[in-house]
Amino acid sequence: MKLATWNVNSLKQRMPRVLEFLAEHRPDVLCMQETKTTAEAFPHAELETAGYLAADNSGGRWAGVAVLAPAATPPIAVVTGLPGEVDAEERRWIEAEVAGVRVASVYVPNGRALGTPTFAAKLRFFDAMRARVTALLAERGGGLVVTGDMNVAAADLDVYDPAAFSESTHVTPDERGRLEALLAEGMVDAYRELSPDGVGYTWWDYRAGHFHKHLGLRIDLALVSTDLAPRLRSAGIDRSYRKGPKPSDHAPLIVEWDGAPP
DNA sequence: ATGTCACACCGTGTGTGA
(Lines give C-alpha, C1' and ligand atoms only; values in the text may rest on other atoms or scores of the structure.)
Protein backbone atom coordinates (compact mmCIF):
# COMPACT_ATOMS: atom_id res chain seq x y z
CA MET A 1 0.00 0.00 0.00
CA LYS A 2 1.29 3.42 -0.94
CA LEU A 3 0.34 6.38 1.24
CA ALA A 4 1.27 10.02 0.77
CA THR A 5 0.84 13.01 3.06
CA TRP A 6 1.14 16.61 1.94
CA ASN A 7 0.48 19.98 3.51
CA VAL A 8 -0.68 21.71 0.32
CA ASN A 9 -1.08 25.25 1.75
CA SER A 10 -4.34 26.02 -0.07
CA LEU A 11 -5.92 23.37 -2.26
CA LYS A 12 -7.29 26.08 -4.54
CA GLN A 13 -3.78 27.36 -5.25
CA ARG A 14 -2.27 23.87 -5.39
CA MET A 15 -4.75 21.90 -7.51
CA PRO A 16 -2.50 21.74 -10.60
CA ARG A 17 0.33 20.30 -8.50
CA VAL A 18 -2.00 17.94 -6.63
CA LEU A 19 -3.34 16.55 -9.93
CA GLU A 20 0.24 16.25 -11.18
CA PHE A 21 1.16 14.38 -8.00
CA LEU A 22 -1.79 11.97 -8.21
CA ALA A 23 -1.02 11.20 -11.87
CA GLU A 24 2.67 10.61 -11.17
CA HIS A 25 2.47 8.56 -7.96
CA ARG A 26 -1.06 7.05 -8.00
CA PRO A 27 -1.08 6.66 -4.19
CA ASP A 28 -3.60 4.33 -2.55
CA VAL A 29 -4.29 7.15 -0.10
CA LEU A 30 -3.36 10.83 0.00
CA CYS A 31 -3.73 12.81 3.21
CA MET A 32 -3.76 16.57 2.76
CA GLN A 33 -3.50 19.40 5.26
CA GLU A 34 -4.11 23.16 5.11
CA THR A 35 -6.64 22.74 2.33
CA LYS A 36 -7.95 26.22 3.25
CA THR A 37 -11.25 25.70 1.50
CA THR A 38 -14.91 25.66 2.40
CA ALA A 39 -16.74 22.35 2.13
CA GLU A 40 -18.78 23.86 -0.70
CA ALA A 41 -15.69 24.79 -2.71
CA PHE A 42 -13.84 21.50 -2.14
CA PRO A 43 -12.93 20.27 -5.67
CA HIS A 44 -14.59 16.84 -5.47
CA ALA A 45 -15.46 16.76 -9.18
CA GLU A 46 -11.96 17.57 -10.40
CA LEU A 47 -10.49 14.94 -8.10
CA GLU A 48 -13.04 12.37 -9.21
CA THR A 49 -12.04 13.01 -12.81
CA ALA A 50 -8.52 12.10 -11.68
CA GLY A 51 -9.89 8.87 -10.19
CA TYR A 52 -10.04 9.88 -6.52
CA LEU A 53 -12.78 10.26 -3.96
CA ALA A 54 -12.24 12.60 -1.02
CA ALA A 55 -13.44 12.83 2.55
CA ASP A 56 -12.83 16.35 3.81
CA ASN A 57 -13.07 18.34 7.01
CA SER A 58 -13.17 21.87 5.66
CA GLY A 59 -13.66 25.07 7.62
CA GLY A 60 -12.93 27.90 5.22
CA ARG A 61 -9.91 30.12 5.16
CA TRP A 62 -7.57 28.32 7.58
CA ALA A 63 -6.50 24.74 8.22
CA GLY A 64 -8.71 22.00 6.74
CA VAL A 65 -7.76 18.34 6.20
CA ALA A 66 -8.75 15.60 3.78
CA VAL A 67 -8.25 11.92 2.91
CA LEU A 68 -8.29 10.87 -0.75
CA ALA A 69 -8.40 7.34 -2.13
CA PRO A 70 -9.10 5.73 -5.51
CA ALA A 71 -12.75 5.17 -6.37
CA ALA A 72 -12.30 1.38 -6.11
CA THR A 73 -11.26 1.65 -2.43
CA PRO A 74 -12.82 4.91 -1.29
CA PRO A 75 -12.49 6.48 2.16
CA ILE A 76 -15.35 5.14 4.30
CA ALA A 77 -16.42 5.24 7.97
CA VAL A 78 -15.30 8.86 8.13
CA VAL A 79 -14.83 10.59 11.48
CA THR A 80 -14.12 14.32 11.67
CA GLY A 81 -12.77 16.11 14.70
CA LEU A 82 -10.82 14.83 17.67
CA PRO A 83 -12.46 14.23 21.05
CA GLY A 84 -10.91 16.66 23.53
CA GLU A 85 -9.44 19.08 21.00
CA VAL A 86 -9.68 22.73 21.97
CA ASP A 87 -11.61 23.93 18.92
CA ALA A 88 -13.04 21.37 16.49
CA GLU A 89 -14.09 24.24 14.22
CA GLU A 90 -10.42 24.64 13.31
CA ARG A 91 -10.82 21.43 11.24
CA ARG A 92 -7.53 19.75 12.02
CA TRP A 93 -8.46 16.05 12.11
CA ILE A 94 -10.16 13.55 9.82
CA GLU A 95 -10.13 9.74 9.84
CA ALA A 96 -11.29 7.26 7.26
CA GLU A 97 -11.05 3.56 6.55
CA VAL A 98 -9.13 2.93 3.32
CA ALA A 99 -8.61 -0.66 2.13
CA GLY A 100 -8.92 -1.96 5.67
CA VAL A 101 -6.53 0.54 7.26
CA ARG A 102 -7.70 3.36 9.50
CA VAL A 103 -6.00 6.52 8.23
CA ALA A 104 -5.99 9.88 10.00
CA SER A 105 -4.95 13.15 8.35
CA VAL A 106 -3.93 15.72 10.96
CA TYR A 107 -2.78 19.32 11.02
CA VAL A 108 -1.36 19.97 14.48
CA PRO A 109 -1.57 23.63 15.58
CA ASN A 110 1.57 25.65 14.91
CA GLY A 111 1.71 27.11 18.42
CA ARG A 112 3.03 30.48 17.22
CA ALA A 113 5.28 31.30 20.21
CA LEU A 114 6.30 29.78 23.53
CA GLY A 115 4.26 30.87 26.51
CA THR A 116 1.18 31.87 24.50
CA PRO A 117 -2.35 30.47 24.82
CA THR A 118 -1.97 29.02 21.32
CA PHE A 119 1.10 27.10 22.43
CA ALA A 120 -0.81 25.67 25.38
CA ALA A 121 -3.60 24.71 22.96
CA LYS A 122 -1.03 22.95 20.76
CA LEU A 123 0.06 20.79 23.69
CA ARG A 124 -3.56 19.98 24.51
CA PHE A 125 -4.09 18.96 20.89
CA PHE A 126 -1.20 16.49 21.20
CA ASP A 127 -2.81 15.09 24.36
CA ALA A 128 -6.12 14.65 22.55
CA MET A 129 -4.39 12.97 19.60
CA ARG A 130 -2.60 10.56 21.94
CA ALA A 131 -5.90 9.68 23.64
CA ARG A 132 -7.53 9.00 20.26
CA VAL A 133 -4.63 6.76 19.21
CA THR A 134 -4.92 4.85 22.48
CA ALA A 135 -8.65 4.33 21.90
CA LEU A 136 -8.24 3.29 18.24
CA LEU A 137 -5.47 0.81 19.04
CA ALA A 138 -7.55 -0.68 21.85
CA GLU A 139 -10.54 -0.95 19.52
CA ARG A 140 -8.74 -2.27 16.44
CA GLY A 141 -5.53 -3.81 17.73
CA GLY A 142 -3.58 -2.25 14.83
CA GLY A 143 -3.96 -1.27 11.20
CA LEU A 144 -3.67 2.41 12.07
CA VAL A 145 -1.81 5.23 10.34
CA VAL A 146 -1.73 8.80 11.67
CA THR A 147 -0.12 11.15 9.21
CA GLY A 148 0.20 14.83 8.52
CA ASP A 149 1.81 18.07 9.59
CA MET A 150 2.78 17.41 13.20
CA ASN A 151 4.46 20.81 13.63
CA VAL A 152 7.18 19.21 15.74
CA ALA A 153 10.72 18.18 14.82
CA ALA A 154 11.33 14.98 16.75
CA ALA A 155 15.10 15.39 17.12
CA ASP A 156 17.89 17.84 16.32
CA LEU A 157 18.60 15.75 13.19
CA ASP A 158 15.26 17.04 11.93
CA VAL A 159 16.25 20.72 12.27
CA TYR A 160 18.63 22.62 9.97
CA ASP A 161 20.00 24.78 12.79
CA PRO A 162 19.11 23.51 16.26
CA ALA A 163 20.81 26.48 17.92
CA ALA A 164 18.63 28.94 16.02
CA PHE A 165 15.52 27.19 17.39
CA SER A 166 16.56 27.30 21.05
CA GLU A 167 13.72 29.66 22.04
CA SER A 168 11.28 28.51 19.37
CA THR A 169 8.33 26.23 18.97
CA HIS A 170 8.60 22.84 17.21
CA VAL A 171 11.62 21.60 19.20
CA THR A 172 10.76 22.03 22.87
CA PRO A 173 10.80 19.13 25.34
CA ASP A 174 7.06 19.75 25.82
CA GLU A 175 6.31 19.13 22.14
CA ARG A 176 8.83 16.34 21.62
CA GLY A 177 7.70 14.64 24.81
CA ARG A 178 4.13 14.57 23.61
CA LEU A 179 5.11 13.06 20.26
CA GLU A 180 7.19 10.45 22.12
CA ALA A 181 4.25 9.67 24.39
CA LEU A 182 2.02 9.16 21.36
CA LEU A 183 4.60 6.82 19.77
CA ALA A 184 4.85 4.91 23.06
CA GLU A 185 1.20 3.95 22.67
CA GLY A 186 2.28 1.69 19.82
CA MET A 187 3.17 3.81 16.78
CA VAL A 188 6.34 4.09 14.68
CA ASP A 189 7.70 7.11 12.74
CA ALA A 190 7.94 5.43 9.32
CA TYR A 191 10.62 7.64 7.75
CA ARG A 192 12.87 7.48 10.81
CA GLU A 193 12.32 3.73 11.15
CA LEU A 194 13.70 3.14 7.65
CA SER A 195 16.30 5.95 7.66
CA PRO A 196 17.83 6.18 11.15
CA ASP A 197 20.31 8.87 10.06
CA GLY A 198 18.42 10.45 7.16
CA VAL A 199 17.91 14.20 6.81
CA GLY A 200 14.36 14.08 5.52
CA TYR A 201 13.15 17.64 5.65
CA THR A 202 9.56 18.16 4.56
CA TRP A 203 9.19 21.94 5.08
CA TRP A 204 11.30 24.92 4.05
CA ASP A 205 10.50 28.59 4.68
CA TYR A 206 9.46 30.38 1.49
CA ARG A 207 11.78 33.21 2.44
CA ALA A 208 15.48 33.78 1.87
CA GLY A 209 16.03 30.82 -0.43
CA HIS A 210 15.87 28.34 2.42
CA PHE A 211 14.89 25.47 0.13
CA HIS A 212 17.89 25.85 -2.13
CA LYS A 213 20.14 26.25 0.91
CA HIS A 214 18.75 23.00 2.35
CA LEU A 215 17.49 24.81 5.47
CA GLY A 216 14.41 22.84 6.43
CA LEU A 217 12.56 20.91 9.10
CA ARG A 218 11.16 17.39 9.18
CA ILE A 219 7.72 18.06 10.61
CA ASP A 220 5.44 16.02 8.32
CA LEU A 221 5.29 12.46 9.60
CA ALA A 222 3.60 9.17 8.88
CA LEU A 223 3.09 7.24 12.10
CA VAL A 224 2.15 3.59 11.59
CA SER A 225 0.99 1.12 14.21
CA THR A 226 3.66 -1.37 15.30
CA ASP A 227 1.95 -4.26 13.48
CA LEU A 228 2.58 -2.45 10.18
CA ALA A 229 6.18 -1.47 10.98
CA PRO A 230 7.77 -4.80 9.90
CA ARG A 231 5.99 -4.45 6.56
CA LEU A 232 7.42 -0.99 5.77
CA ARG A 233 9.13 -1.00 2.39
CA SER A 234 10.03 2.64 1.71
CA ALA A 235 9.60 6.18 3.00
CA GLY A 236 10.78 9.24 1.15
CA ILE A 237 10.15 12.89 0.39
CA ASP A 238 9.49 14.01 -3.19
CA ARG A 239 11.34 17.31 -3.22
CA SER A 240 10.33 18.01 -6.82
CA TYR A 241 6.97 19.27 -5.51
CA ARG A 242 8.79 21.97 -3.51
CA LYS A 243 10.16 23.24 -6.85
CA GLY A 244 8.55 24.51 -10.04
CA PRO A 245 5.43 26.64 -10.44
CA LYS A 246 3.53 27.61 -7.30
CA PRO A 247 4.96 25.08 -4.86
CA SER A 248 3.65 24.54 -1.36
CA ASP A 249 6.17 25.27 1.40
CA HIS A 250 5.90 21.54 2.26
CA ALA A 251 6.93 18.57 0.12
CA PRO A 252 4.95 15.31 0.13
CA LEU A 253 6.09 12.31 2.15
CA ILE A 254 5.45 8.93 0.51
CA VAL A 255 5.40 5.69 2.50
CA GLU A 256 4.90 2.16 1.18
CA TRP A 257 4.33 -1.06 3.06
CA ASP A 258 3.61 -4.63 2.01
CA GLY A 259 -0.03 -5.50 1.83
CA ALA A 260 -1.92 -4.04 -1.09
CA PRO A 261 -5.54 -2.98 -1.29
CA PRO A 262 -7.82 -5.59 -2.90
C1' DA B 1 17.22 41.26 5.25
C1' DT B 2 12.11 42.02 9.20
C1' DG B 3 13.76 38.27 3.08
C1' DT B 4 7.35 34.78 1.10
C1' DC B 5 2.94 33.11 0.41
C1' DA B 6 -2.16 32.82 1.10
C1' DC B 7 -6.30 34.47 3.08
C1' DA B 8 -10.26 38.13 3.76
C1' DC B 9 -11.69 42.58 3.05
C1' DC B 10 -14.30 46.89 -0.70
C1' DG B 11 -8.95 46.08 -1.29
C1' DT B 12 -6.37 48.47 -5.58
C1' DG B 13 -3.19 48.08 0.31
C1' DT B 14 -3.40 46.20 5.12
C1' DG B 15 -3.86 42.87 8.90
C1' DT B 16 -3.47 37.97 10.18
C1' DG B 17 -1.56 33.36 10.08
C1' DA B 18 2.08 30.40 8.91
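Proteins get letters first, then strands, A, B, ... in listed order; numbering begins at 1 in each.
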[atom1] of [X] versus [atom2] of [N]: gap in Å, rounded?
| X | N | atom1 | atom2 | result |
| --- | --- | --- | --- | --- |
| A/M15 | B/dA6 | CE | C1' | 17 Å |
| A/Q13 | B/dC7 | CD | C1' | 9 Å |
| A/D205 | B/dA6 | CG | P | 13 Å |
| A/R242 | B/dT4 | CZ | P | 13 Å |
| A/K12 | B/dC5 | NZ | P | 18 Å |
| A/L215 | B/dG3 | CG | C1' | 13 Å |

key: In one Ile/Leu/Val/Met/Phe/Trp/Tyr side-chain cluster, 4.5 Å: A/V8, A/Y206   =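 Unlinked, A/V8 and A/Y206 end up in two clusters.
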
request  = Indicate if A/L253 and A/V145 have the same hydrophobic cluster label, given that clusters are the connected sets of ILVMFWY residues with side-chain heavy-atom separations under 4.5 angstrom.
outcome  =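 Both belong to a single hydrophobic cluster.
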
Separation of the [atom1] atoms in [N] and [M], to the nearest angstrom:
| N | M | atom1 | result |
| --- | --- | --- | --- |
| B/dT16 | B/dG3 | P | 16 Å |
| B/dC7 | B/dT2 | P | 26 Å |
| B/dG11 | B/dA6 | C1' | 15 Å |
| B/dC10 | B/dC5 | P | 26 Å |

task = Apply salt bridge (Lys or Arg N to Asp or Glu O under 4.0 Å) to the pair A/R132 and A/E85, showing each step before the final yes or no.
result = CA-CA 10 Å; A/R132 182 61 180 155; A/E85 70 177 309; over 6 Å; no

query = Counting only Watson-Crick or G-U wobble pairs whose two distances fall under 3.5 Å, which nucleotide matches B/dA6?
reply =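 Per the H-bond distance test, B/dT16.
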
query = A/N57 side chain to A/W93 main-chain N or O, any donor-acceptor pair under 3.5 Å?
reply =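 Yes.
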
inquiry  = Looking at A/S105, is its backbone amide N or carbonyl O close enough to the side chain of A/T147 to form a donor-acceptor pair, meaning the two atoms are under 3.5 Å apart?
reply    =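 Not confirmed, A/T147 side chain does not pair with A/S105 backbone.
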
key: Criterion salt bridge (Lys or Arg N to Asp or Glu O under 4.0 Å) on A/D158 and A/R218, from CA distance to verdict   = CA-CA 5 Å; A/D158 302 314; A/R218 189 176 74 92; 2.7 Å; yes

Tabulate atom names and distances for all N/O pairs under 3.5 angstrom spanning the protein and nucleotides 15-18 of chain B.
| unit_1 | atom_1 | unit_2 | atom_2 | d |
| --- | --- | --- | --- | --- |
| B/dA18 | OP2 | A/R112 | NE | 2.7 |

message = When you measure from the side-chain N and O atoms of A/S10 to the phosphate of B/dC5, is any distance below 4.0 Å, counting only OP1 and OP2?
response =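 No, no such contact exists.
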
query = Does some side-chain heavy atom of A/E90 sit less than 4.5 Å from a side-chain heavy atom of A/W62?
reply =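 Counting from C-beta outward, A/W62 and A/E90 never come under 4.5 Å.
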
key: Of A/A208 and A/K246, the one whose closest DNA chain B nucleotide lies more 5'   =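 Closer to the 5' end of DNA chain B: A/A208.
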
